[in-house]
Amino acid sequence: MNELSLFAEDKTTALVEGLNPQQREAVEYRGKALLIVAGAGSGKTRVLTHRIAHLLATKDSWPSQILAITFTNKAAAEMRERVKHLLGEAADGMWLKTFHSACVLILRRESERLGHDANFTIYDSGDSRAILKRLIKELGADIHKLTPAGVGAAISNAKNELADAESYARNVDQNDPVARMISEIFTRYQHELRKNNAFDFDDLIGETVHLFRAFPDVAAQYQQKFKHILVDEYQDTNHAQYALIRELAKNASLTVVGDSDQSIYAFRGADIRNITEFEKDFPGAKTILLEQNYRSTQNILSAANAVISNNFDRPSKNLWTASGDGDKIVGYTGYSAHDEAQFIADEINKLHSKSQGDDAIAFRDIAVFYRTNSQTRALEDIFIRSGIPYRVVGGTKFYERQEIKDAMAYLVAIANTRDDLATRRILNVPKRGIGDASETQIANYAEKNGLSVRQVLSHVSELGFGPKITGAINQLAELMDNLEAMIPTETVDAILRTALDRTGLLETLRNSKDPQDEARVENLEELVSVAREFQRNNPEGRLPDFLNEVALVAAADELDDESGTVSLMTLHTAKGLEYEAVFLTGIEEGLLPHRMSFITPGGMAEERRLFYVGITRARKKLHISLAMTRTTFGESESATPSRYLQEIPADLIDWRESGSGRGLPSTRYRESIADAQGYGSGSGESSGGYGGTPSTKEKKVWNGAISSVRNNGDLQLEVGDMVEHSDFGRGKVIATAGEGARQTAEIHFGSVGVKRLLVKVAPIQKV
DNA sequence: ATGTGCCGGCTTTTT
DNA sequence: GCCGGCACAT
């Protein structure tokens, strides 16, 4: 054995060192089909990266022969980094992608075969909704109570089943006028996409499958290219994704990793049977179970196991850990959502300070999860007042903000000149006197003459507009031409800057007196830095590459590990992540399980899996909280504890301050809270009845959220000062930190206890 | 063409 | 309790 092979052998041995026997087998197994059933926290990312590195180190495959599909771009990037680290060299040429980004790559190469150009636009759900809204109006479909979201869901479901508009129309019940209407909208919607040279999210997958089936020579290229295909989160694949994998894996070995207990995307077509029937599906497939958990304490795992065992019809599986019991789970029942949020803020402060001991937990290692995005309101409210740095992951996404969509529409419109949606969007943004009537006239002219809206802009003289409008359109057309000419040579941020300057978009917002426009300016500046950052990371990247990347960012991609902030996100977004301390909020009937799931087949089991996913994200500290009353639609309703709470053995939970256990506070407690906090009197927030009235105004806070915040001006507190708080009553300052707008104060409020507050925005008054 | 103000519906979850 | 659509005013 020569030195070189000895070295190679060392390297491969090193790749399985420190792995448990099952993990090791999962790394070394070679065969056509492998299912790795990976319980939560069982080290599946480790197994996946080591397996890929092992395939390369043993010369089983070249990098270019490997395709690994992950759920988010962030996970893909992380995996590439880890493989590189393991091999000590970059494995360039590997396809490490999400389903959507892999399909985009394929579609850009082969787009002509589907009647698109390579520079097609990817429409997000907002774009789809805009088109559907127009079609519904045109067809008068609103009399059937059809909404853009409803029709959109129907079309999406169809596409996830690989139905196109024609097959949908064939299978529609002709006696059902609503179904026929949906079918008609579907047909026109597809026509619109094609005309605009665009695909929606679902098309990216579905059209790739259709491409492979219609053009076997194209499919063959990829079937020959890939020798190993690895798919993460396999339990959340839908039929279209499944079909895509089947096409691609014709000659390749397939490795899928997943956990049916964590399947939480049935609503977008995920079919749990893809994983549960894998062995039937791929005869001779090998299955490896990873049951040892390396993440959580035993108490957390016991709770998770107890909850999930209530789902029948699941292959039994029991997570275990070699680490100790750890702390008990902390439970809390608040009087209201605000009270619940206050508890969380207090706990976070405790965890964070721990008086700077070794046990102190950094903000970035703490996360708060919730079922619905609307729950962020109360949390943000309290966090701002408590001076806790936080970040909402997902939610109203950056790229869905109006001003960002406007700016992006300029870029999209010049990159894909056939995109009428984008062109029409910016026609009168900023206002240049081209109103609805003119827009419709332009669109009609385009329709009649088979032109794009963009082309019509250059023929404006034929439309007979007045000199003012004609001038405005000519100016716009010239600007678009100039911007378009920059694409081949200029950087993305240069193009964006030019667009923002020459259109006056920034200027208009800067001069506006709408307080929200201040935040919009900052968002646009943020967009410029995003573009600059992209250019730095991709020196060769051009505008279309940028648009590509932007169109496919997922919520979890926004996570910034370096930011010293608490992360707030939905339970869905939390999948695949882990934190030292986790707060599960709103564990109430109607919220988790969500009321909409009551009537959904399998809904109750899916919601339970969601709870299970939440529990298993925590390493050391798990908090479960709920509120006794919750406001929905502006109406306060009483809530009852979630049925899932009773599935956790009582001895695992330490219910704080709640007398009767089981999450229901005693009457005595309830009254004391109501009294101490001034609830029940209906005063809720800033009752403002404390003499001099500090102003409350719309304010953009540093994390991008726009929130109505109280402003105490330059108020600064010193130790010993007495204050009056609208909720907590009278209190004494016992410590302060920071100064100016960032000053926080620890204040002792009698029976309510000690609270840490951000002085500038807390509803307090010095007395 | 653009601005304002009221009414109604609405919220699961996401690439 | 917020956003969007619509009617009406400028």
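Just so it is clear: chains get the letters A, B, ... in the order the sequence lines come, proteins before strands, and each one is counted from 1.
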Pick the nucleotide of DNA chain B nearest each of A:Glu439 and A:Thr600; which residue has the one closer to the 5' end?
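Nearest nucleotide further toward 5': that of A:Glu439.
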In terms of the nearest nucleotide of DNA chain B, which residue is placed more toward the 5' end: A:Tyr265 or A:Thr147?
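Counting from the 5' end, the first nearest nucleotide belongs to A:Thr147.
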Does [X] put a side-chain nitrogen or oxygen below 4.0 Å from OP1 or OP2 of [N]?
X	N	answer
A:Thr570	B:dT12	no
A:Asn373	B:dT14	yes
A:Thr72	B:dT15	no

What is the separation between atom [atom1] on [X] and atom [atom2] on [N], rounded to the nearest whole Å?
X	N	atom1	atom2	result
A:Tyr370	B:dT11	OH	P	18 Å
A:Asn428	B:dT2	CG	C1'	10 Å
A:His594	B:dT11	NE2	P	10 Å
A:Ile122	B:dT14	CD1	C1'	16 Å
A:Asn160	B:dT15	CG	C1'	10 Å
A:His572	B:dT12	NE2	C1'	8 Å
A:Phe71	B:dT15	CZ	P	7 Å
A:Glu400	B:dT15	CD	C1'	11 Å

Taking the side chain of A:Met596 as heavy atoms from C-beta outward, which of B:dA1, B:dT11, B:dT15 is closest to it?
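The nucleotide sitting nearest to the side chain is B:dT11.
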side-chain hydrogen bond (donor to acceptor under 3.5 Å, both in side chains) involving A:Asp259 - partner list, sequence neighbours excluded
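Testing A:Asp259 for side-chain hydrogen bond (donor to acceptor under 3.5 Å, both in side chains), a comparison that skips the adjacent residues, returns A:Gln262, A:Lys317.
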Suppose you measure atom C1' in C:dG4 against the same atom in B:dT13; what distance do you get, rounded to whole Å?
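Taking atom C1' in both C:dG4 and B:dT13, they lie 23 Å apart.
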What is the distance from atom CD of A:Gln441 to atom CG of A:Asp436, rounded to the nearest 0.5 Å?
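Taking CD in A:Gln441 and CG in A:Asp436, the distance rounds to 12.5 Å.
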Look up atom OG1 in A:Thr631 and atom CZ in A:Arg377, then write down how far apart they are to the nearest 0.5 Å.
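Between atom OG1 of A:Thr631 and atom CZ of A:Arg377 there are 9.5 Å.
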Determine, for nucleotides 1-10 of chain C in 5'-to-3' order, which nucleotides have protein heavy atoms under 4.0 Å from the base (write B), from only the sugar-phosphate (write S), or from neither (write -).
B---SS----
Classify the ring geometry between A:Tyr644 and A:Phe611 as parallel (under 30°), tilted (30 to 60°) or perpendicular (over 60°).
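Taking A:Phe611 first and then A:Tyr644, their aromatic rings lie parallel (interplane angle under 30°).
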How would you list, by chain and number, every residue that makes a ring pair (Phe, Tyr, Trp, His ring centres under 6.0 Å) with A:Tyr189, sequence neighbours excluded?
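Result, ring pair (Phe, Tyr, Trp, His ring centres under 6.0 Å) vs A:Tyr189: none returned.
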A:Asp261 and salt bridge (charged side-chain N to carboxylate O under 4.0 Å, His left out): which partner among A:Lys575, A:Arg608, A:Arg314?
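Among the candidates, only A:Arg314 passes.
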Mind checking if A:Thr573 touches a base, just sugar-phosphate, or nothing, with heavy atoms under 4.0 Å?
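Sugar-phosphate, backbone atoms only, no base.
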So which of A:Leu457, A:Leu427, A:Leu463, A:Val456 actually passes side-chain contact (heavy atoms from CB on, under 4.5 Å) with A:Ile473?
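Option passing the side-chain contact (heavy atoms from CB on, under 4.5 Å) with A:Ile473: A:Leu457.
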Using a 5.5 Å cut-off between ring centres and planes within 30 degrees, is A:Phe267 stacked on the base of B:dT12?
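Stacking is absent between B:dT12 and A:Phe267, given that the ring centres and planes do not meet under 5.5 Å and under 30°.
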